[in-house]
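Read the structure below first, then the notes.
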Amino acid sequence: MKKRTSILGGAAAIAATFVVFVIPFIFIILMAFKDRQQSALRDFSLPTGFHFWENVVEVVKTRNWMMITAFINSSIITVVSVTLLVIFAAMVGYVLARRKTRWNGLIEFLVLAGLMVPPAVVPTIWLLQGLQLFGTLHGMILIEVAYNLPFSIILYRAFVATIPRDLDEAAIIDGARPLDVFFRIVLPLLWPVTVTNIVVQSVGIFNDFTNPLYYLPGNANATVQLTLYNFQSQFSTAYNLLFTNILLITIPPLLVFMFFNRQIVAGMTAGAVKG
Amino acid sequence: MAGLELRQLRKSYGKVEVIKGVDLTIEHGEFVVFVGPSGCGKSTLLRMIAGLEDITGGELVIGDKVVNAVEPRDRGIAMVFQSYALYPHMTVYDNVGFGLKLARTPKEVRDQKIREAARILQMEHLLDRKPSQLSGGQRQRVAIGRAIVRQPEVFLFDEPLSNLDAALRVDMRMEISKLHSELDATMIYVTHDQVEAMTLADKIVVLDGGVVQQVGSPIELYKHPANLFVAGFIGSPKMNFVEVNADKIVGETVHVSGPDVVGVPVALPAGKVHPGDKLTLGVRPHDLVVAPSGAIVGRVGLVERLGNETIVNLELPSGASWLAVLDGDQALKRGESLALDVDPAKALLFDANGLAVAAG
Amino acid sequence: MSASTMAGSPNRAETRAIKRSPYPGWFFTPAAIIYSVLFLVPTFASLYFSLTRWTLFDSEFIGLENFAQFLREPFLIKGLINTVIYAAVTSGLKVVVGLLLAVMLTSQIVGRGYLRSVIFFPVLVSTVGVGITFTVLMHPTQGMINETLALFGIAGPGWLTDPNLALYSVALVDVWKGVGLATVIYIAGLVAIPQDYYEAARIDGATPWQNFWYVTLPLCRPATSTVITLSFIGGLRTFDLIWAMTKGGPGFASDTIASVIYKQYQAGFYGLSTAGNVVLFILIALLVVPLTMFLNRKQGHE
């Protein structure tokens, strides 16, 4: 009896979520396979011919291979800023959790403020210009680090608190200097939360649209999210290409999702519930 | 050769002073046990010696150097933690060798030292395992092995056995004792368990409230406790106490009486107490014997007959309760009246400040 | 680097009065520099520049004029109101739908793995991509949604073209994309509730509804407060989805403060744009601080 309701309920839930969550993705894929004419109808029909490869080639070649540039830029920004985020946030989270000083209250306040306060856009642009960093990948990387530090710090601080302090002290007695304790003992033990950080932050930074829009203007510096936007205005009617583009930039998050599903879920909830 | 000297060592957290001026000399090769109730400052004192806690005042000398500001790694010490503190991500081999690796010891030397330590502790077969694959006793061995390879002048143990079950604790106690005689090193050992202290120590340091109460050999502390605290803390079951006044003094014997006892004789050199002095009489449960004419009379409460001895709960007239451990099997009934006596040489007296009135 | 290599020999160390902490304060330095320069300095600078007429090269102090303009211009006020509506609608829906989905996914339902993946995946997808896709799907005449509704004889509304509806349509897409995270947070909260409570409730004869109302709901309050806080702050700051879908239109019908900030920036009104930033900051502070205090009242946060 109970089993039958759970099967019925499951079937209903599967059907409903299929309509709501899966069909939009199928729609994207179908559109990416169509030719320009058919895609203009924007309906949920099977493609009349297989046009996926021509669409991909055209999307990639558009605007002087802008897609390639954008993928390279986005990859550089993502990899470098996530690396810096992991190291710097782990260092802060570690000392913040271990050492009680009168500064802790202030630091924790600043971390929370960073989660809440919206960045002041124009003054940041003004500042970046002053530092000769406006419109450069360096500047964009530093911005991503600055904006995402608070979340990473919160994740790390909560996790460091679960590593017994005895381990640090045993290492200190064994002759470890502060950098040895951090890099040889603590950082390896932080691995689970580091994976979470890498996955969550790289998806977030790769998908970031707003910050590159403000701080990284110019076609040479385009990131993948901006190609989408530029693209839309250029091919307002070329829906096949637009959706091919959407499909292409969805591949990296999809890969991340397939490999790290468990860690993302574990990490996001750990950070959110405990933080 | 490394002895230690603690000179007026102090530690405070803000305004709270937890170590209130400790003076102590530890000879090379001694096995010293810090014992006291929880919160007495024994672990803090050990951690100050290790260099894990800053020293607020006074001087700490290891060997012939003042080491107040010396980093732990340069103090010639090794420490075994209550939680073992094994690095979870390293094998036993790497755990034991971590300190040597940090000191850039050549690989062959390192390997030889690790295997030597493993041989001493009979854990060669565990070297490739991770700590999570070890039992409590095995982890304890690894923690000790990690200390041994450092070849320290001074071993520090912070309640190392308290996470083990009773049987294993006895084994490891003997093992540590054996290690001490083999390694010829100074060992400082913190515990709250006075049996561990009595069995292991050359010298016991009893701490309470951040102050050293008494320093001495186990038997000295047992026979001649310096004050009420030490008298009550050392020995099991606990010493019995009762408030008395000095009655009369006959030669080297003082007779004391109180609401619960009448005319108990205590051997004491003349001139130490005067008639009328307020005192506390202390008698160990094992020193009480059944004597129909005994000076200590009470009503029998709970009786535990263990065959070789009988433990009796005695209710004194004022309602205070004493424990007596009597030889052999005594068929005592609950509620009956029982008179006990004590050898005058084994009864102890403490003055109004709680200090022992010295017998010798 | 220097702190570790300077530790030195015992003899040198002997002369030092105080030992170094094993947790060096300089570990804060790299993060502190980046965060201060690129986040704190602009934030404080915004307090000044919001009081100016500003061209990036020079600024003229005009007092509270920018803020006065904000309160005078109807479309700017509209943006302010829209922002609050958007945040309230999205966070409210995420709480309700997220909790229901989580209850469903923690029950003995068939296909849990599939359901969980499908609901969570949109969280990881590009917001702009989602926005563009739904803009196409929500087209009043050629969009798939209205075409499907037409099959059932229903005349679908102009989701993004009706000024009264546009903001809510975008909010709906926001929920579509974000509800997976809320669900996952709720799942963690529900799994943490000890089974004893449900067993006790069963012995007391509770119905499933009573179970939900008297056991589940109160005991997953930490998750609720997390979901509300996260999605409310996110909702107040939202920009990319609105920009991808309506650009604030039609007219100013779906403008939020964040889109106003961008429009003023594009138009070169840097002082006004910065004032928008400050308004958004004040709005978040005024709404979120009391909200979190209310959500966390009498609750040891651990």
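Chain A is the first sequence line, chain B the second, and so forth, proteins listed ahead of strands; every chain is numbered from 1. Keep in mind the model is a prediction, meaning the values are calculated, not measured.
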Chain A: which of B/Leu156, B/Val80, B/Leu86 shares the most heavy-atom pairs with it under 4.5 Å?
->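 The option with the most such pairs is B/Leu86.
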Could you have a look at B/Pro152, B/Ala147, B/Pro88, B/Ala143 and say which one has the most heavy-atom pairs with chain A under 4.5 angstrom?
->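 The candidate making the most pairs under 4.5 Å is B/Pro88.
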Do other residues, nucleotides or ligands put more than 12 heavy atoms under 6.0 Å from B/Glu124 CD?
->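 Enclosed.
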With the threshold set at 4.0 Å, does a side-chain nitrogen-carboxylate oxygen contact exist between A/Glu169 and B/Arg47?
->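 Yes, this pair counts.
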Which atom names give the shortest non-hydrogen contact between B/Ala78 and A/Ile173, and what distance separates them?
->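 For B/Ala78 and A/Ile173, the tightest heavy-atom pair comes out as CA-CG2, 4.0 Å.
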Can you tell me which residue pairs pass the side-chain hydrogen bond (donor to acceptor under 3.5 Å, both in side chains) test with a partner in residues 127-137 of chain B, sequence neighbours excluded?
->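 Output for this query lists B/Ser135-B/Gln138.
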Results of ring-ring contact (aromatic ring centres under 6.0 Å, His included) for B/Phe98 - residues two or more places apart only |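 B/Phe98 satisfies ring-ring contact (aromatic ring centres under 6.0 Å, His included) with B/Tyr87 once adjacent residues are dropped.
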Which bit of A/Arg165 is near chain B, if near means a heavy-atom gap under 4.5 Å: side chain, backbone, both or neither?
->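 Interface part for A/Arg165: neither.
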What residues form a side-chain contact (heavy atoms from CB on, under 4.5 Å) with B/Arg169, not counting sequence neighbours?
->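 Result, side-chain contact (heavy atoms from CB on, under 4.5 Å) vs B/Arg169: B/Leu161, B/Asp193, B/Glu196.
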Donor-acceptor contact below 3.5 Å, side chain B/Arg150 vs main chain A/Asp174 =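 Such a contact is found between B/Arg150 side chain and A/Asp174 backbone.
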Out of A/Ala170, A/Pro164, A/Ala176, which one racks up the most heavy-atom pairs below 4.5 Å with chain B?
->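 It is A/Ala170.
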Would you give the length of the straight line joining atom CG of A/Leu189 to atom NE2 of B/His89, rounded to the nearest 0.5 angstrom?
->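 Going from CG on A/Leu189 over to NE2 on B/His89, the span is 5.0 Å.
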Chain A contacts: which residues in residues 99-111 of chain B have a non-hydrogen atom closer than 4.5 Å to it?
->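 The list, in residue order, reads B/Gly99, B/Lys101, B/Leu102.
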